[in-house]
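Structure first, then comments.
Scope of the values below: all heavy atoms of this structure, side chains included, with no hydrogens, waters or symmetry mates.
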Number of protein chains: 2
Amino acid sequence: MTRILVVDDERQLLRAMSINLRARGYDVDLAETGRRALELAASSHPDVVILDLGLPDLDGTEVIAGLRGWTQVPIIVLSARHTEEAKVSALDAGADDYVTKPFGMDELLARLRATLRRAQAGTGSEQPVVETDHFTIDLAATRVTRHGGADEEVRLTPTEWQLLEVLVRAGGKLVTGPQLLHEVWGPQYGTELNYLRQYVAQLRRKLEPEPSAPRYLITEPGIGYRFVAD
Amino acid sequence: MTRILVVDDERQLLRAMSINLRARGYDVDLAETGRRALELAASSHPDVVILDLGLPDLDGTEVIAGLRGWTQVPIIVLSARHTEEAKVSALDAGADDYVTKPFGMDELLARLRATLRRAQAGTGSEQPVVETDHFTIDLAATRVTRHGGADEEVRLTPTEWQLLEVLVRAGGKLVTGPQLLHEVWGPQYGTELNYLRQYVAQLRRKLEPEPSAPRYLITEPGIGYRFVAD
DNA sequence: GGCGGCCGTCAAGACGCCGTCAAGAACGCC
DNA sequence: GGCGTTCTTGACGGCGTCTTGACGGCCGCC
């Protein structure tokens with residue numbers, strides 16, 4: 001399911017967008033302020049952000065910068081300002097598209113599809129299923145099964161799942177502790193390495209054949225963690 | 001170097017675009033017809049296509065479809081048509097952005113930068129892998145493997161890794177001792193050459209086929225160290 | 001030929017990080 | 001409102017890493 005975060009201070013527009021997007025099968029989160037938008041982005045991990053620049057609390061580029069500090073999520077900007085300067089500064093701050101108000105819903109939806117298509121072409125095109133000798137991870141279905149004789153499903157808590165997902169999507173690359181904390185707990189975290197120890201241990205108990213001798217969730221001492229699939 | 005294919009039937013606009021883009025360091029290919037555009041795209045593999053929809057020979061969506069049949073190159077559409085329907089059909093045909101004429105050059109350039117940024121984020125533009133006869137260093141994954149019969153992974157401590165990374169990124173250039181100390185241990189270090197001796201020796205033990213006769217981690221007496229990849 | 005500087009090596013203590021256990025707080029479900 | 005699960009937070013022991021000092025060999029210089 002594709003999750004969209006819509007940020008705008010006009011309630012009416014927010015409701016209209018929500019209805020239109022939900023009718024087309026998207027999951028929608030709503031925020032009326034920049035702060036709330038940054039919170040929601042950190043907690044719900046949207047696949048794309050639709051961001052009005054005329055927010056009461058934060059400047060538009062501040063919100064963009066706040067997001068770009070820790071995520072590459074696509075950002076489509078809505079704005080009443082038509083000047084080139086406004087467009088250039090928003091795009092260069094990290095926005096992916098810039099739509100001027102008033103806009104047609106059909107056009108916005110088309111730009112949304114184009115943005116999602118481009119974003120997915122980069123990252124999600126790989127197989128979202130990772131299989132090892134001992135378990136299978138289906139990223140799309142959010143499901144993990146252990147191959148212990150009869151396949152049994154493994155229950156993961158939301159936090160455990162997010163952590164596993166970040167590690168798996170890294171594709172065998174090493175992920176540093178602060179980076180994991182940013183992506184799982186949000187941008188304001190970065191030093192709470194004890195969280196990681198806690199949840200990595202839990203994942204190992206649920207997935208590893210020998211939790212005390214990890215084979216898939218590897219610790220790189222002093223740096224971070226790595227997922228290796230045989 | 002980034003290569004851009006500009007397709008438009010107005011010579012004047014073509015020339016203006018060409019000058020502007022080349023002034024900013026892009027390589028530019030020009031085409032005045034859809035057929036020529038498809039030929040050029042196939043032969044020169046541009047990094048992005050700027051496509052005017054009002055071409056004499058082919059319909060705009062046909063050109064987009066012709067490109068999308070074999071490449072995911074980003075396409076920025078230029079068009080004099082302002083209707084939503086035109087935008088939707090172009091975007092759904094595979095375009096990444098839609099700019100209506102007349103447009104400002106600054107805006108187009110900003111959208112170009114945004115599109116290129118998004119496209120590069122997906123592909124992992126660099127090639128941070130260094131391979132020698134005896135081992136492979138993957139800077140992105142933070143991993144080193146030795147080619148001793150069966151490839152075995154080499155475990156490096158954080159300090160060892162940072163030191164190796166600085167030397168490798170220098171690209172075969174000589175790096176002085178104080179410079180290495182600055183980059184690995186921090187700006188307040190610069191005289192502790194014994195640290196370097198300690199960790200260079202450790203890296204040689206882990207990587208060199210004959211640690212006593214270094215082949216890759218070379219000492220330049222009185223100056224510093226150098227990494228050479230065969 | 002003697003001397004000094006630089007580099008490679010070894011060794012030992014201090015320190016930080018990791019895995020683990022445990023308990024309180026927050027949340028959702030019945 | 002009670003209960004179970006999940007999340008947060010703290011503490012502790014063990015082990016690996018970092019830091020630091022010392023020594024010997026090689027080379028160039030005087």
(request) List the steps, then state whether side-chain contact (heavy atoms from CB on, under 4.5 Å) holds for B:D47 with B:V73. (result) CA-CA 6 Å; B:D47 298 296; B:V73 61; 5.8 Å; no

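- For the OP1/OP2 pair of D:dC18 and a distance below 4.0 Å, the side-chain nitrogens and oxygens of B:W185 include no atom meeting the criterion.
- Using cut-offs of 30° and 60° on the angle between ring planes, the pair B:F135 and B:Y216 is perpendicular.
- The terminal axes of the helix from C:dG1-D:dC30 to C:dC30-D:dG1, fitted over 5 pairs per end, subtend an angle of 30° to the nearest 10°.
- The distance from atom CD of B:E160 to atom C1' of D:dT19 is 14 Å, rounded to the nearest whole Å.
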(message) So if I define the base as every atom that isn't primed, P, OP1 or OP2, how would nucleotides 17-30 of chain C read as a B/S/- string at a heavy-atom cutoff under 4.0 Å?
(response) SBBBBB--------

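- No salt bridge links B:E84 with B:K87; every basic N to acidic carboxylate O contact stays at or beyond 4.0 Å.
- Using a 4.5 Å cut-off on side-chain heavy atoms (C-beta onward), A:T33 and A:D9 make no contact.
- Listed by first and then second residue, the side chain to side chain donor-acceptor pair (under 3.5 Å) pairs that reach into residues 55-70 of chain A are A:D59-A:T61, A:R68-A:D96, sequence neighbours excluded.
- With respect to the salt-bridge test (charged N to carboxylate O, under 4.0 angstrom), the residues A:K206 and A:E160 qualify.
- Put simply, CG on B:L217 is 15 Å from P on C:dC7, counting in whole angstrom units.
- Rounded to whole Å, the distance from CG on B:L196 to P on C:dC6 is 14 Å.
- For the pair A:Q202 CD and D:dT8 C1', the interatomic distance rounds to 12 Å; values are reported in whole Å.
- For the pair B:L163 CG and D:dT19 P, the computed distance is 12 Å after rounding to whole Å.
- The phosphate of D:dT5 (OP1 or OP2) has no side-chain N or O of A:T157 nearer than 4.0 angstrom.
- A ring-centre distance under 6.0 Å is not found for B:W161 and B:Y199.
- Between B:L156 atom CG and D:dT17 atom P there is a gap of 10 Å when expressed in whole angstrom units.
- Between A:L51 and A:I76 the shortest side-chain heavy-atom distance does not fall below 4.5 Å.
- In this structure, A:V48 and A:L112 have side chains that are in contact, with non-hydrogen atoms separated by less than 4.5 Å.
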